[in-house]
Amino acid sequence: MSNISRRKLITTGVAATAGVAGLAAASQIARHYGLIPPDSGGIYGPGESLTYAAQRILTRHSLAREFPRSMVSEKPFRNETAPPSDAFKRHQAVGFSDWKLTVDGMVAHPTSFSLADLKALPVHNQITEVACEEGWSYIAEWIGTPLVNVLDTVGVLPQARYVVYFSIEKDWWESIDMADATHPQTFLTMGMNDGDLPVGFGGPLRLRVPRQLGYKSVKYITRITATDSLKRFGKGLGSASPEAGYAWYAGI
Ligand SMILES: Nc1nc2c(c(=O)[nH]1)N[C@H]1C(S)=C(S)[C@@H](COP(=O)(O)O)O[C@H]1N2
Ligand SMILES: [Mo]
C-alpha cells in the first residue's frame, strides 16, 4: 500500500473510531501505529494520544505560519530578563565565548559545539509567532541554523525517536519527536530581529519550535540528547511540562 493511502486509512480509522466508540478505542489504534505521546497515562491521556496521532498523520510536514516583516511585534513580550544563576552570569561576563552545546545520546559522533561552530553551519531566518499557553503572543524574526543540520553533523542513529533538550536553567527541559526535530522551521536560534538573540529572549542559544506552544521553545540551551525512549528522563513523562500539568505535545 502506498504511504499516502496507508496514511489516509489510519486517519480515517482514528477519526471514525473517535466518533463512534470514543477516545479509548482511538488511542488503541494510535498505539498500534506507535503514535503514543509520553504523557498518555492519566485522565487526559486518551485525548493527548488522539491529538498527537492526528497531528502526526495530518500535519507532519506542514509549516508554521510565517509573517511579513511589517508584522514583527514592536514590543515583543519576554517573560523574564535573565536566568539568575551564577553559572550563567559567568558565561555572560565573557560574552558567551565559552558557551557550549553538547550533543550526545544515540548519535554516531557526540560533539560539543561553540556558538562559532554553530554559526558556521547554514544560517536561515523565519518570521514566526511565539504563543504562550497563558494567552499572549508576539511575532519576531528568528535567525539560526535548522536543528537538522546539527543532527546530521553528529549522525543521529536510526533507532533514535526523540531529542531531549536542556537549559542551563535546570527546571527547563523539553523533548520533541524526530518529525519536529528534523522539521525545517525547528531552529537553534542565535539571532533575533537583525541582532544577536538578547538574553531576555533566550540568548545566546534557544531552540525555536514554532509548530508548538511557547514553552517548547526553551531558552539558554546547553545540551541536546537523542534517545529511543523518554522513560529515563525526569518522571518519564517526556519533559518538564507534563510534570507541571501541561501537554507534552503542544502543537498549534
Ligand atoms: N529556559 C527557559 N525557557 C523558557 C521559559 C523559561 O522561563 N525559561 N519560558 C517558556 C515559556 S512558558 C514561554 S511562553 C516562552 C516565552 O518566550 P519569551 O520570553 O521570548 O516571550 O519561553 C519558554 N522557554
Ligand atoms: Mo508560556
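Since this is a predicted model, take the numbers as computed values, not measurements. Just the heavy atoms: all of them, side chains too, but no hydrogens, waters or symmetry mates, feed the values below. Each ligand, and each atom within it, is numbered from 1 in the order the structure gives.
Of the heavy atoms in Cys132, both backbone and side-chain atoms come closer than 4.0 Å to ligand 1. Contacts between Tyr138 and ligand 1, counted as non-hydrogen atom pairs separated by less than 4.0 Å, involve the side chain only. Contact annotation: for Ser217 versus ligand 1, heavy atoms closer than 4.0 Å belong to the backbone alone. Contacts of Glu169 with ligand 1, taken as heavy-atom pairs under 4.0 Å, involve the side chain alone.
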Stepwise, does the side-chain contact (heavy atoms from CB on, under 4.5 Å) test hold for Thr111 with Asp117?
CA-CA 11 Å; Thr111 308; Asp117 295 335; over 6 Å; no
Under the side-chain contact (heavy atoms from CB on, under 4.5 Å) criterion, do Leu205 and Phe96 qualify, and how do the steps go?
CA-CA 10 Å; Leu205 190 63; Phe96 301 113; over 6 Å; no
Salt bridge (Lys or Arg N to Asp or Glu O under 4.0 Å) assessment of Asp180 paired with Lys216
CA-CA 11 Å; Asp180 267 335; Lys216 302 296 282 193; over 6 Å; no
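Close N/O approach between Phe77 and ligand 1 is found [any backbone or side-chain N/O within under 3.5 Å]. Geometrically, ligand 1 and Tyr215 share no nitrogen or oxygen pair separated by less than 3.5 Å.
For the residues Trp173, Trp136, Trp172, Tyr220, the heavy atom positioned nearest atom 4 (C) of ligand 1 is part of Trp172. Of the candidates Glu134, Arg206, Glu133, Arg78, Arg206 brings a heavy atom nearest to atom 15 (C) of ligand 1.
The contact set between ligand 1 and Ser167, taken as ligand atoms under 4.0 Å from a residue heavy atom, comprises 1 (N). Near Val218, the atoms of ligand 1 lying under 4.0 angstrom from a non-hydrogen atom of the residue are 3 (N), 24 (N).
Residue pairs meeting the side-chain hydrogen bond (donor to acceptor under 3.5 Å, both in side chains) criterion with at least one member in residues 62-72, sequence neighbours excluded: Glu66-Gln185, Arg69-Glu141.
Between Arg223 and Asp104, the shortest heavy-atom distance links the atoms NE-OD2, 3.1 Å.
Aromatic pair Phe233/Tyr162: ring centres not closer than 6.0 Å. Checked against a 6.0 Å centroid threshold, the rings of Trp142 and Phe187 do not count as neighbours.
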